[in-house]
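Have a look at the structure below, then the notes.
In each ligand, atom 1 is the first atom listed, and ligand 1 is the first ligand listed.
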Amino acid sequence: MPTTSTNSLPIEAIGLQRTFGTGDEQVKAVDGVDLQIQQGEIFGFLGPNGAGKSTTVRMLTTLLRPTGGIGRVAGFDVVEQANDVRRNIGVALQDAAIDPLMTGSELLHLQAVLYGLPKSTHATKAGELLERVGLTAAGNRRVGTYSGGMRRRLDLALSLIHEPTVLFLDEPTTGLDPMSRISLWEEIRRLNNDGTTVMLTTQYLEEADQLTERIAIIDHGVIVRKGRPSELKAEVGSPTLFVSVDAAATEPATTLLAGFGELRPSPEGTLGVGLTDGPSAVSNVIRTLDDAGITVRNLELHEPSLDDVFAEATGYRLEGADA
Ligand SMILES: Nc1ncnc2c1ncn2[C@@H]1O[C@H](COP(=O)(O)OP(=O)(O)OP(=O)(O)O)[C@@H](O)[C@H]1O
Ligand SMILES: [Mg+2]
C-alpha cells in the first residue's frame, strides 16, 4: 500500500501558476490557484475550454512544472518530491494515448509492470480491475474496437492498478452518452466510498452538481467560485417553493406564504414564494399552513442552478454544456 505523509491534505495548491510562452505570446494558463481538497472528498474542477483545468491537473500530477506557487499531493511537494507524489496517485488524463492494437488485459498487465507490482499478482489484479469496471467480457479485445465509454472505463481501471489514495480524472465523461456517463459516476462514487479522494475536471454542470461534494469554478486561469454546489446556488438567490392548495384556501395561503419571502410568479393553480431562509424553511411552511387548517396538495422546491452560479461568476453561460 502507498504511504501517505500524515495529517496532510490529499491535494493542496497555493498560488499555483503556469505561464506558457514569452512576451506578447505569453499565456497565463493557471494564474494563482488555491485549492484545499479534503480526505475522502470528490472535488469537481469546473470550467469551459481553455480555462486551465488540464494545466492544473498536469502540475498536480507532476507532469508539468509550475512556474509559480506550490502544489502538494498526499503531503508531498509536486516538484521536490515528484516520485512520492506519483506513488500515491492515479491519473486518467484527457488525452491519454493508448495503443489501439493492444487488448484491455494486455494494457493492465503493462501498467502493472510499469508500477513494479510483483509479477505473481498481475493476472489477478488485471482480472479484478476488468471486472470492477465491467470490461471482463471485452478484456481480450483490442482497445481500438472499444466504444468511448469502454475506453474511459479502461482508463479508470489503468489508473487504479497500484491502489492510489488520490485519483485525478481529467474530463472522465466528456463525449459519453448519458448512460455511460451515469455508469462511470457510479464507479467513481464506489471508489470514493472505499476511501479514495477524487479530483475530477468537467465541463458539465450537472456532473459537478450530482457527483461532487465541493467544486471550484475556474475561468481564464483564475478560480472564480469555490464551495458546495448547494451553497453556491443558495448564494445566487433564494430557492422558489411552489405550493398547491385547494382553491378555497388560496387567499389565506398566499398571506401565510408571504411571511416566508417574496411571492413569485408560479404556474396556474400553484403559489410561489422565494424562501428567504432557504430550503430549511420548507418544514416551517408546511407546519404553518397545517396549523391554519390548509391542506398542502403538492410541494416543489426549485433551487437556482449551477448554471446561474457560473453565469454570475463569469458573466457568461456554459452554453450547451449539458446538452
Ligand atoms: N503546452 C502548451 N503551450 C502553450 N499553451 C498551452 C499549453 N497547454 C495549454 N496551453 C494553454 O493554456 C490554456 C489552458 O489550457 P488547458 O488545457 O489547461 O484548459 P482546459 O481547461 O483543460 O480546457 P479543455 O476543457 O479544453 O480541456 C489554454 O489557453 C491553452 O491554449
Ligand atoms: Mg483539459
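Protein heavy atom nearest atom 26 (O) of ligand 1, with residue, atom name and distance: N49 ND2, 2.8 Å. Looking at atom 23 (O) of ligand 1, its nearest protein heavy atom turns out to be G50 N, 2.7 Å. Nearest protein neighbour of atom 12 (O) of ligand 1, counting heavy atoms only, is A29 CB, 3.1 Å. Given atom 6 (C) of ligand 1, the protein heavy atom at minimum distance is F20 CD1, 3.2 Å. At the shortest separation from atom 18 (O) of ligand 1 among protein heavy atoms lies T55 OG1, 2.5 Å. Looking at atom 29 (O) of ligand 1, its nearest protein heavy atom turns out to be V27 CG1, 3.9 Å.
Because its NZ or CZ atom is both nearer than 6.0 Å to the ring centre of Y204 and within 45° of the ring axis, R181 counts as a cation-pi partner of that residue.
Atom NE2 of H220 has 12 or fewer heavy atoms from other residues, nucleotides or ligands within 6.0 Å. For Q26, the CD atom is densely surrounded, since the number of other residues' heavy atoms within 6.0 Å is greater than 12.
Side chain of T240 to main chain of V273: no donor-acceptor pair is present (N/O by atom type, distance under 3.5 Å, no hydrogens or angles). Looking at R228, its side chain never comes within 3.5 Å of a backbone N or O of L232 through a donor-acceptor pair.
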Q: Determine, step by step, whether R86 and T62 satisfy the side-chain hydrogen bond (donor to acceptor under 3.5 Å, both in side chains) criterion, reporting the C-alpha distance in whole Å, the side-chain angles of both residues, the deciding distance to 0.1 Å, and the verdict.
A: CA-CA 7 Å; R86 281 187 212 124; T62 79; 2.8 Å; yes
Q.
One pair to check against side-chain hydrogen bond (donor to acceptor under 3.5 Å, both in side chains): T201 and D170. What are the steps and the verdict?
A. CA-CA 5 Å; T201 75; D170 196 5; 2.4 Å; yes
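Numbered from 1 in the order shown, with element, the atoms of ligand 1 that lie under 4.0 Å from a heavy atom of Q203 read 25 (O). Which parts of ligand 1 touch P48 is read off a 4.0 Å heavy-atom cut-off, strictly below it: atoms 21 (O), 25 (O). The atoms of ligand 1 that sit less than 4.0 Å from any heavy atom of E171 are 24 (P), 25 (O), 27 (O). The ligand atoms of ligand 1 that sit less than 4.0 angstrom from a heavy atom of S54 are 17 (O), 18 (O), 20 (P), 22 (O), 27 (O).
Not a single heavy atom of G47 sits closer than 4.0 Å to an atom of ligand 1.
Among the atoms of T55, no N, O or S atom is found under 2.8 Å from the Mg ion (ligand 2).
Inside a 4.0 Å radius of atom 31 (O) of ligand 1 there is not any protein heavy atom.
Ligand 1 has an N or O atom lying under 3.5 Å from an N or O atom of A51, backbone or side chain. For the pair G52 and ligand 1, the shortest N or O to N or O distance falls below 3.5 Å.
Side-chain contact check for N192 and R189: no donor-acceptor pair (N or O, by modelled atom type) lies under 3.5 Å.
The aromatic rings of H302 and F242 lie perpendicular to each other, with more than 60° between the two planes, well past the 30° mark.
With values rounded to the nearest 0.5 angstrom, L200 atom CG is found 10.5 Å from W185 atom CH2.
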